[in-house]
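Source: prediction; values computed, not measured. Just the heavy atoms: all of them, side chains too, but no hydrogens, waters or symmetry mates, feed the values below. One is the number of the first residue; the rest follow in order along the sequence.
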Amino acid sequence: MSSSSGTPESWISSFCSLLGHEYFAEISEDFIEDDFNLTGLQTQVAMYKEALEMILDVEPEEDEEEDEDEEEDEGDESIEAEERSNRRAAAERRHHRMASDLSIIESSAEMLYGLIHQRFICSRAGIQQMSEKYELTHFGVCPRTNCEGTRTLPVGLSDVPGEDTVKLFCPSCLDVYVPPNSRFQTVDGAFFGRTFGALFLLTFPEYDLTKKGAEALGANHNPRAVPSHPADGDEKDKINGMNASNLAPGLGKGKMYEPKIYGFKVSERARSGPRMAWLRDRPSDIRELDEASMYHTEHPDETDDDMSINGVPTQPRQPTKRSRRPNGGSPMSIEPNGDAFT
């Protein structure tokens, strides 16, 4: 393959430009040529050397056995003819072997590139390249309605190849989804791994996750639009180093579907009631999650050494008291807040 300028396109560029490979970042050759970054991959990929040469566009070493010029005197025609036939047969066997191994090398090169890609996107250069793709909404948006088009990140549910395909992680509802386009459902999830999603959010805590995919695309087309991350002078409330507005903005009251029957909410105890709704719950005041700051505010005189002995807290947390439902929790009663028990 060649580009419009006439220069041949590299294997890495052609691989990332294939249909269904839009999630991949282009790994720099310097990263691949560093043996430290490839530690342990030799045992995971068949025909490792040939696959690495294909990725780096290195010409394989040709055998020095080539047909000699047939300009020699025909002294012993029988001996020379036999030698020439043996050389031709060896050359044919070599070319046949190379043609049969080409498909194996190609698949090994894709596997090797994917495993290197899992490590590259966790490096400084790789995660920066993925952030640029995230800015352009290359990874799509969350299919959940209450997330309202929050941009997603490609992740894997396993670091081992062949176990599962790539999934989309939504930082708004903290859940993963199958890519809506079928062309991404054949990409191995191990090529992105389990580390990238969380590491991305820790590396870029200034991102505005409440910004929707449509808004991000509009900002990229509008040069006067405000960038998705604040300027250096802007300060926002932070909890454990992250912006408070980025802590699961798609969860909590008003972001969960509430089934109702003739205007009455269905009780959680009902057979058809909502199950495990607390998984998508979120406190109305997000500062309630910053327990460390609240404890230091209540106990300003205590130091970190006073709080724990051998790593065990000296003051265990008291269990919260739960109120019992009226009428002994009868399934045919009406709660004080108007919920219907069906």
Side-chain angles (χ1 to χ4, degrees), residues 20 22-25 117-118 121-122 126-159 163-220 227-230 236 238-258 274-284 286 289:
E22 289 83 357
Y23 293 168
F24 285 93
H117 184 269
Q118 177 193 132
I121 60 178
C122 293
I127 204 168
Q128 181 64 37
Q129 190 177 149
M130 295 295 280
S131 70
E132 296 174 0
K133 297 172 74 68
Y134 179 79
E135 282 279 358
L136 299 174
T137 322
H138 284 187
F139 308 127
V141 298
C142 180
R144 182 171 175 263
T145 301
N146 288 324
C147 285
E148 300 177 353
T150 301
R151 292 169 292 177
T152 55
L153 292 166
V155 296
L157 302 182
S158 174
D159 295 330
E163 291 193 354
D164 208 340
T165 57
V166 65
K167 299 295 186 291
L168 295 178
F169 168 69
C170 175
S172 178
C173 62
L174 305 180
D175 212 338
V176 292
Y177 302 90
V178 177
N181 200 315
S182 59
R183 68 170 179 262
F184 298 115
Q185 297 176 12
T186 58
V187 180
D188 201 315
F191 296 166
F192 298 88
R194 297 176 295 179
T195 303
F196 168 69
L199 183 62
F200 183 89
L201 298 178
L202 293 176
T203 306
F204 303 103
E206 72 279 3
Y207 269 122
D208 185 7
L209 299 182
T210 60
K211 193 170 186 178
K212 313 309 176 188
E215 297 176 1
L217 289 177
N220 291 317
S228 61
H229 45 83
K236 293 186 176 182
K238 292 185 178 294
I239 296 179
N240 295 329
M242 291 189 63
N243 292 340
S245 59
N246 287 342
L247 295 177
L251 302 182
K253 186 177 181 180
K255 296 291 185 178
M256 295 184 292
Y257 174 72
E258 296 182 356
R275 292 289 185 266
M276 311 296 285
W278 57 271
L279 287 174
R280 296 194 181 276
D281 197 6
R282 183 175 183 263
S284 57
I286 197 63
L289 299 178

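L199 and C122 make their closest contact through CD2-O, 3.7 Å (heavy atoms, listed as atom of the first residue, atom of the second, distance). Contact detail for K255 and E148: the closest heavy-atom pair is NZ-OE2, 3.5 Å.
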Determine all donor-acceptor pairs shorter than 3.5 Å in which one atom belongs to a side chain in residues 171-182; sequence neighbours excluded.
residue, atom, partner, partner atom, Å
S172, OG, G250, N, 2.8
D175, OD2, R280, NH2, 3.3
N181, OD1, R183, N, 3.2

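Interatomic distance, T150 OG1 to L168 CG, rounded to the nearest 0.5 Å: 12.5 Å. Put simply, CZ on R194 and CG on L157 are 9.0 Å apart, with the number rounded to the nearest 0.5 Å. Note that the CG atom of L209 and the CZ atom of R151 stand 7.5 Å from one another [nearest 0.5 Å].
Counting heavy atoms from C-beta on, the side chains of D159 and Q118 come closer than 4.5 Å. Residues M130 and P154 form a side-chain contact, since some pair of their non-hydrogen atoms from C-beta on lies under 4.5 Å apart. Residues T165 and F191 fail the side-chain proximity criterion, which asks for heavy atoms closer than 4.5 Å.
For F139, the ring pair (Phe, Tyr, Trp, His ring centres under 6.0 Å) criterion is met by Y23, not counting sequence neighbours. Not counting sequence neighbours, the partners of F192 by the ring pair (Phe, Tyr, Trp, His ring centres under 6.0 Å) test are F24, H117.
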Open item on the list: I'd like to know whether Y207 forms a ring pair (Phe, Tyr, Trp, His ring centres under 6.0 Å) with F200, so could you lay out the CA-CA distance, the side-chain angles of the two residues, the decisive distance to 0.1 Å, and finally the verdict.
Closed with: CA-CA 10 Å; Y207 269 122; F200 183 89; 5.7 Å; yes
Open item on the list: With side-chain contact (heavy atoms from CB on, under 4.5 Å) as the criterion, how do I127 and F196 come out once you've worked through the C-alpha distance, each side chain's angles and the decisive distance to 0.1 Å?
Closed with: CA-CA 8 Å; I127 204 168; F196 168 69; 4.1 Å; yes
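Looking at T152, its side chain never comes within 3.5 Å of a backbone N or O of C142 through a donor-acceptor pair. A donor-acceptor pair under 3.5 Å links the side-chain atoms of K133 to the main chain of E22, judged by distance alone. The backbone N or O of S158 sits nowhere less than 3.5 Å from a side-chain atom of E163 that would complete a donor-acceptor pair.
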